[in-house]
Amino acid sequence: MALMGSDDNPVTANERVDERYDPHPIEQKWSARWEGDPALYAAERVSTKKKYYVLEMLPYPSGALHMGHVRNYSIGDALARYMWMRGYNVLHPMGWDAFGLPAENAALKNNTPPRAWTLANIGNMKAQMKRLGFSYDWATETATCLPEYYRWNQWFFLKMVEKGLAYRKKSKVNWCPECATVLANEQVVDGCCWRHEETKVEIRDLEQWFLRITQYADELLRDLESLDGWPEKVKTMQRNWIGRSEGAQVDFTLESPGPHGAKITVFTTRIDTIFGATSVQLAPEHPVVQDLIAANPEIKDKVAELQLEQQAAKDAGDAGAVEKHCVFTGAYATNPFNGERLPVWVANYILMEYGTGAIMSVPAHDERDYEFAKKYGIEMRVVILPRRTEEPTGDGEQEPVLPFTHEDSMLINSGEFNEMSTPDAKAAMARLAEQKGFGKATVTYRLKDWGVSRQRYWGTPIPMVYCEKDGIVPVPESQLPVILPDNVDITQTGGSPLSRVPAFLNTTCPKCGGPARRETDTMDTFVDSSWYFYRYTDAQNTNAPFDPALAAYWFPIDQYIGGVEHAILHLIYSRFWTKVMRDLGLIKNSEPVERLFTQGMVIKDGAKMSKNKGNVVSPDDMVAQYGADAARLYSLFAAPPDRDLDWQEQGVEGCFRFLGRVYRFVTKHAKPQHPEWRAGVPAELGPEARVLQRKLHQTIAKITHDFDSRWHFNTSIAALMELSNDLYAAEGAIRKGTVPVPLMAQLQRTLVQLLAPFAPYLMAELWETLGERGTLLKQPWPVFNPALAKEDEIEIPVQINGKLRSRIMVSADANEEAAKEAAFRDERVKAAIEGKTIVKVIIVPGKMVNIVVK
RNA sequence: GCCCGGGUGGCGAAACUGGCAGACGCACGGGACUUAAAAUCCCGAGCCCCGCAAGGGGCGUGACGGUUCGACUCCGUCCCCGGGCACCA
C-alpha cells in the first residue's frame, strides 16, 4: 500500500485521495443495476404502511425532455425518495399524454405515421428519464394513445351519454384554421388558438359533442374551499373561470312580437335597480334582432357593423377599450314592474354568450350603461341612494355621484319597494316576478359546457354511430374499443380524416343491424388527462378502467406537481371527471388532488426557453457534461421551486463541484474495514468533534423541516454544502485523530442519506463505498437529536440606540440578566455609553441586546 | 381597470414569528500544489470614506412617508417587472 504524503495517517486517509469525480461510470453502473430491479420503485399492493401518492404531470411526448420537465420531475423525485425513506408506501408513476395534434403535424412534415412518431418519442423520452435516474414505477406506465387506455375514454363517454352528461348539439364553436379543428372555450386565448398564438379563432356553426360540466359548476366552485393544499392563485383562477353570478331573469314584453318570440328575457344582477331602466339592449346575434330587422330593414347594415365591431374587439383581446356603439331598432318593450315602455336597442357591448344576450340598461347605476347613455343622450333615473347610517345632515335628497353602483343602498322612485335595502329588494322583486310569472331568481355561469369533438385523426374515436333508421346510437360496451385505424391519409385538410376511411366510417347499426356511419370526430385530448392518474393505480386492468378498491386506497393524490399553465384547463376538467366518476360509483373521493404544487418556469437570458429565442438548454447536453445528479441538483438549487429559475450553466458547474467535494471526502475518509467503524459514537467528544456533531444534527433538522413544510430545497442544498465545507475545515482535526471513527462514519453516512433525494446516483455509489448494503431508498431517514444540535455558546449583537456597536459571546441559554451583564462588561460597549444616560435596555434572550442612551 | 406574485451585492439567491442584511453558490482577486496548466485545497470580498496598517466611520433590501428601542419583514402612498382576469350585465 502506497502512502501519500508524509503526514498522511494510514488510519484516517485512503489512497484514492486525488481521484476525480467522473459521474458517467457511476451513473451507468447504477442505471444498469436499477434497470435490473423492476421492484425497486414499485409500490406495494398490500401494505401496512401509510400510502403516499406523488405525481408529476404527465408529459406530451414531443420528442425530447426540456429543462422544465427536468425541474418538475426533480422536485417530484426528491419528494418520492424522501417519503420512501420516511417509511411510506409510495406510488410514483409516469405516463404519456400521447394523443394530439403535433403527431399529425410531424406526420405531414416527415411522412411518419403519428403512431410510429409518438411511440418513437416515448421511447426516447423514457430513456432520458431513466438516464436522469427518476424513481418511476414503470410497471404502471400508461400511454393514452393505446387502445388499452383509450377504450376507457370511450367507456366513460358512453356512461356520460347514458347519464345525459354527454350530448350533441349544433352551436357556434371556436375554430382554429391552423389546427383545422374546433377548440374548447378554455383553449382560446385572447381570441387566438392556445397552440397558435398568432392564429385568430374563427366562429363556426357545427354539430358537436358536449360534456355537461356546467351541471357540476356549483360543486366545482364550492369544493375549491376545501382544497387547502392548493395555491390560492390557482383557486382564484378557477373561481374566475367558473364565474358564478347570482341575479334574476326578467321578461320584457315586446310591443310587436315576431316569429322569435313576444318577449325579451334579460339577465341582471341588480334587479333592485329595475325602476331605473331606460332601455333594453340586445346583443347583435340575439334571435329577436332578426324580427326587428324584418320589421325595420333600415337597421340591418348597422347591426352587421356592430357585430363586426364586437368580433374585432374579441380578436384584439382588449374588449374594454372598444367604443360602445348602438342602434335604436324602433321597437319598444314593456318593463313588467312599472308597465313602462322602453326603447329596444342593439349594442356592440352585449355578449350573446353570457346570460341571455339581453340586458336592461340602467344608466344611473351601471358603469357601462352610464357610458352608453351619456353618449346617446338617454335618460338617467336615480333609483338607489347610499344608505344613511346616521340622521341626514341636511334636508332634501342628496343626489349621488353617477354612476352609483354600491350594494349598500336604499331604493327610491321604485313604487312599493321604496326604502328597501338592496339585498331585501333583490329578494322581494325576484319573488314578485316569479309569482306573477315574468321572471325569477337565477344563477349564471361564465363556465360553458365542454365541447369535446375534434375534427382530427390522432385522438380517441367517439364511440357513436349514425343510423338512418335509429338516429344516433351508442356503440355497445361489448364492442369497445372502437379502434383508431392506422394508415390514414391526414394530408388533406377540411373535415375529419376518419371520414375518408371507408373501412372505419361504414359500419352496421348496433340496434337494427342496418348500414350506418361511425362518428368520425375524435375526443379532445384533455379527456385523456382528466383521469389518467386513476389508471396508474391499476394500469393492466382489462375489465375496468381501474379497480375501485385500489383507487380508494391511493386517492386522493397526496401531492401533484406541475406547471401553473394547467391551472384551469387540465385541473378543472380533472376535478369534473372525478365528480362524474364518483357519481358513477367508481370512487369515493370528490376531489382528485389533496395538495397541488405549481413550479416556476425555467428562464434563460431573461426569457422563457424556446426554440424561437434560441435559448434552449438540452438536458442531454447537461447530463453528458456534468451528469444527471449535477443537472438535477442545480435545478433544485438555483431557486425555490415555486419561483422562476434562471438557468446559468456556471451554476450547474458549481453543483458538479460540490458533488465532487462530497465524492472525494467520502472516498478519502470511508473506512468500512476499521474495527470501530460501526461502533457507537462516544458520549463525550472533544471540541472539534463536537462542532461536527452539532452541525450534523442541525443539518438533519434543517433538511427534514424543508421537506415537511416549505420545500425550499435551494436552502436544503445550501445547508448540505455548509456541512461539507465544515467537514473539509475539520480535515486537520481528522488527521490528528481527534474525530472518533464512529463519528466519522456517522457523519458520512448521514450526509449521503440527506443528499440521496437530490443526487441519487452518486449517493448510491457512496453508500456502497461506506460499506453499506441494501437500497439507500429503504433506509430510515436520519433522526436529529435536539440536544446534540444545540449550541453551547452563541454570539449576539449589542446595539446602542439600534446601531450595531459590538458582539458578545454568551451561553446559549443565558437569561436576560446574564446577557445584560456580559454586554456591559464589553469594552466597546463601555466606550460607547461613556458619559451617557441609560434610558432603557432591551434584551431578547438568545437574540440581541439593545441599549438606549441619551 | 381589477386580482395575484416579485423588486435585496457584478449575477442566482438567503434571512421561516419585527432582532447581526447578503447564508450557500457563481463570477472575481490573492495564495498553495505543479516545470507549466487543468483539477484540487486555502484565504478575501456589499458600497463609499479615513488610515501605510491593525482598525475606524458612514450609507445600504424599488421610492417616499409612518409605527417601533429596533423594519428586507408591519402600515400608508407611489413606481417598475412578471402572470391571471377583463364590456360577464
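Proteins come first, then strands; the chains are lettered A, B, ... in the order of their sequence lines, and each starts at number 1. Just so it is clear, the values below take in all heavy atoms, side chains as well, and ignore hydrogens, waters and symmetry mates.
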Of the nucleotides [options], which one has an atom closest to the side chain of [X]?
{"X": "R643(A)", "options": "G6(B), C42(B), G19(B)", "result": "G6(B)"}
{"X": "K840(A)", "options": "A89(B), C69(B), C24(B)", "result": "C69(B)"}
{"X": "R710(A)", "options": "C20(B), C16(B), G12(B)", "result": "C16(B)"}
{"X": "I359(A)", "options": "C87(B), A89(B), C11(B)", "result": "A89(B)"}
{"X": "M721(A)", "options": "G25(B), C26(B), C20(B)", "result": "G25(B)"}
{"X": "Y728(A)", "options": "C42(B), A27(B), C59(B)", "result": "C42(B)"}
{"X": "D646(A)", "options": "G19(B), G12(B), C42(B)", "result": "G12(B)"}
{"X": "R20(A)", "options": "A39(B), C26(B), A14(B)", "result": "A39(B)"}
{"X": "T715(A)", "options": "A14(B), C16(B), C26(B)", "result": "A14(B)"}
{"X": "I842(A)", "options": "C42(B), C69(B), C26(B)", "result": "C69(B)"}

Just checking [X]: base, sugar-phosphate only, or nothing, at a heavy-atom cut-off of under 4.0 Å?
{"X": "P640(A)", "result": "sugar-phosphate"}
{"X": "M237(A)", "result": "sugar-phosphate"}
{"X": "E232(A)", "result": "nothing"}
{"X": "N725(A)", "result": "sugar-phosphate"}
{"X": "R244(A)", "result": "nothing"}
{"X": "E722(A)", "result": "sugar-phosphate"}
{"X": "I350(A)", "result": "base"}
{"X": "R828(A)", "result": "sugar-phosphate"}

Once hydrogens and angles are ignored, does a donor-acceptor distance under 3.5 Å link the base of C87(B) to the side chain of K324(A)?
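Such a pair exists between side chain and base.
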Does any donor-acceptor pair link the side chain of N850(A) with the base of C69(B) at a separation under 3.5 Å?
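Check passes, donor-acceptor contact within cut-off.
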For the rings on F637(A) and F758(A), is their centre-to-centre separation under 6.0 Å?
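No, they do not, as the ring centres are separated by 6.0 Å or more.
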Given the side-chain rings of Y626(A) and Y634(A), with only the six-membered ring counted for Trp, is the space between their centroids under 6.0 Å?
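Centroid distance Y626(A)-Y634(A): not below 6.0 Å, so no.
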Rounding to a whole Å, what distance do you find between K702(A):NZ and A15(B):P?
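For the pair K702(A) NZ and A15(B) P, the rounded distance is 7 Å.
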Apply the syn/anti split at 90° from 0 to G25(B) and say which one it is.
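Because its glycosidic torsion lies more than 90° from 0, G25(B) adopts the anti conformation.
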Does the plane of the ring in F713(A) sit parallel, tilted or perpendicular to the ring in F707(A)? Use 30° and 60° as the thresholds.
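It falls in the tilted class, 30° to 60°.
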